[in-house]
Amino acid sequence: GAGVSQTPSNKVTEKGKYVELRCDPISGHTALYWYRQSLGQGPEFLIYFQGTGAADDSGLPNDRFFAVRPEGSVSTLKIQRTERGDSAVYLCASSLAPGGLAGGSTGELFFGEGSRLTVL
Amino acid sequence: AQKITQTQPGMFVQEKEAVTLDCTYDTSDPSYGLFWYKQPSSGEMIFLIYQGSYDQQNATEGRYSLNFQKARKSANLVISASQLGDSAMYFCAMRIINDYKLSFGAGTTVTVRA
């Protein structure tokens, strides 16, 4: 499809395990974002990539969380030693414009359907 | 830092009626954009409408319109002629110009009754 693709859609794991969540953005979108959404809440920013580099990882809650985007397209969010509090939906989004609302572009983010992580 | 406030956790609306979802925001930056997203039970965030801080007119997209009151820092979404398929969670979001981070409110759940 032409949209943002996230896998797996659902992941159930045990406390202490390692998890990888994958995001395949819309082709040509240089900006990629990870957000985390807890039940009944709005999405919270985790990390932003412009190309291959993480331009802003200030939203990552601690050093158990890490994300990569080695070729500037697909990104993987990695969570080590998972905890029950990590349970949430992890949303990936991409956009053409990393910032700036000029030039007729709203710079809106296009989201995937998310990866629901449950840590038992 | 930007802050988005949505004070209505849930709303019920009768089919074919209009509903207004409140959103207020706080920023010291004069240049920003406001967004509304719809999130149905499937989980995907669907972009609905955008309003720039310098736009002179309120944005409209089909049955969606944005009641933008800059002085009050509010950007309420109006959904006209509600349909059953409009039942979803709705998020207001903001980004300042030349920034990349989109900040979201807590959302409002809309339930359309037949």
Side-chain angles (χ1 to χ4, degrees), chain A residues 1 3-6 8-10 23 26 29-51 53-59 88-117, chain B residues 1-10 21 23-25 27 29-55 59 61 64 66 68 75 88-109:
Chain A
V4 177
S5 175
Q6 290 188 247
S9 54
N10 274 288
C23 173
I26 293 172
H29 281 191
T30 58
L32 185 144
Y33 312 76
W34 283 98
Y35 281 79
R36 180 167 72 174
Q37 186 177 22
S38 300
L39 191 64
Q41 301 295 318
E44 294 178 308
F45 171 80
L46 293 178
I47 187 169
Y48 158 68
F49 286 90
Q50 176 53 31
D56 184 349
D57 63 359
S58 62
V89 175
Y90 290 83
L91 294 166
C92 178
S94 68
S95 71
L96 271 173
L101 303 173
S105 169
T106 65
E108 77 262 27
L109 273 57
F110 296 85
F111 284 84
E113 293 192 351
S115 291
R116 181 177 298 279
L117 174 65
Chain B
Q2 299 82 44
K3 184 175 179 179
I4 307 291
T5 302
Q6 294 181 255
T7 57
Q8 307 151 310
L21 309 183
C23 172
T24 58
Y25 58 91
T27 182
D29 200 292
S31 304
Y32 51 87
L34 296 155
F35 303 76
W36 277 92
Y37 281 83
K38 172 184 179 182
Q39 188 177 42
S41 56
S42 62
E44 184 178 2
M45 298 282 281
I46 302 167
F47 168 71
L48 296 178
I49 195 168
Y50 165 82
Q51 179 85 43
S53 61
Y54 293 118
D55 292 344
E61 284 289 344
Y64 304 108
L66 206 151
F68 180 47
M89 198 147 182
Y90 290 80
F91 291 96
C92 180
M94 180 175 73
R95 187 164 81 185
I96 63 170
I97 197 165
N98 292 325
D99 194 3
Y100 43 79
K101 231 179 275 189
L102 200 57
S103 299
F104 288 85
T108 296
T109 301

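Below, all heavy atoms of this structure are taken into account, side chains as well, without hydrogens, waters or symmetry copies. Since this is a predicted model, take the numbers as computed values, not measurements. Every chain is numbered from 1 and lettered A, B, ... according to where its sequence line falls, protein lines coming before strand lines.
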* Neighbour count above 12 (heavy atom, 6.0 Å) for B:Gln8 CD -> yes
* For the atom pair CD (A:Gln41) and CE (B:Met89), what is the distance rounded to the nearest 0.5 Å? -> 7.5 Å
* Asked: What distance separates B:Met45 CE from A:Leu91 CG, expressed to the nearest 0.5 Å?
  -> 6.5 Å
* Counting only N and O atoms by type, is there a donor-acceptor contact under 3.5 Å from the side chain of A:Tyr33 to the main-chain atoms of B:Leu102? -> no
* To do: Could you tell me which non-hydrogen atom of A:Gly42 sits nearest to which non-hydrogen atom of B:Phe91, and how far apart they are?
  => CA-CE2, 3.2 Å
* To do: Would you mind reporting whether A:Tyr48 and B:Lys101 have side-chain heavy atoms less than 4.5 Å apart?
  => no
* **Portion of A:Gln37 that has a non-hydrogen atom of chain B nearer than 4.5 angstrom** => side chain
* Using non-hydrogen atoms and a 4.5 Å limit, figure out which bit of A:Ser38 sits close to chain B: side chain, backbone, both or neither. => neither
* Structure fact -> So, the part of B:Gln39 with a heavy atom under 4.5 Å from chain A: the answer is side chain
* To do: Examine whether an atom of B:Tyr54 lies under 4.5 Å from a heavy atom of chain A, and if so say whether it belongs to the side chain, the backbone or both; otherwise answer neither.
  => neither
* Asked: Looking at residues at least two apart in the chain, or sitting in another chain, which of them share a side-chain hydrogen bond (donor to acceptor under 3.5 Å, both in side chains) with B:Tyr64?
  -> none
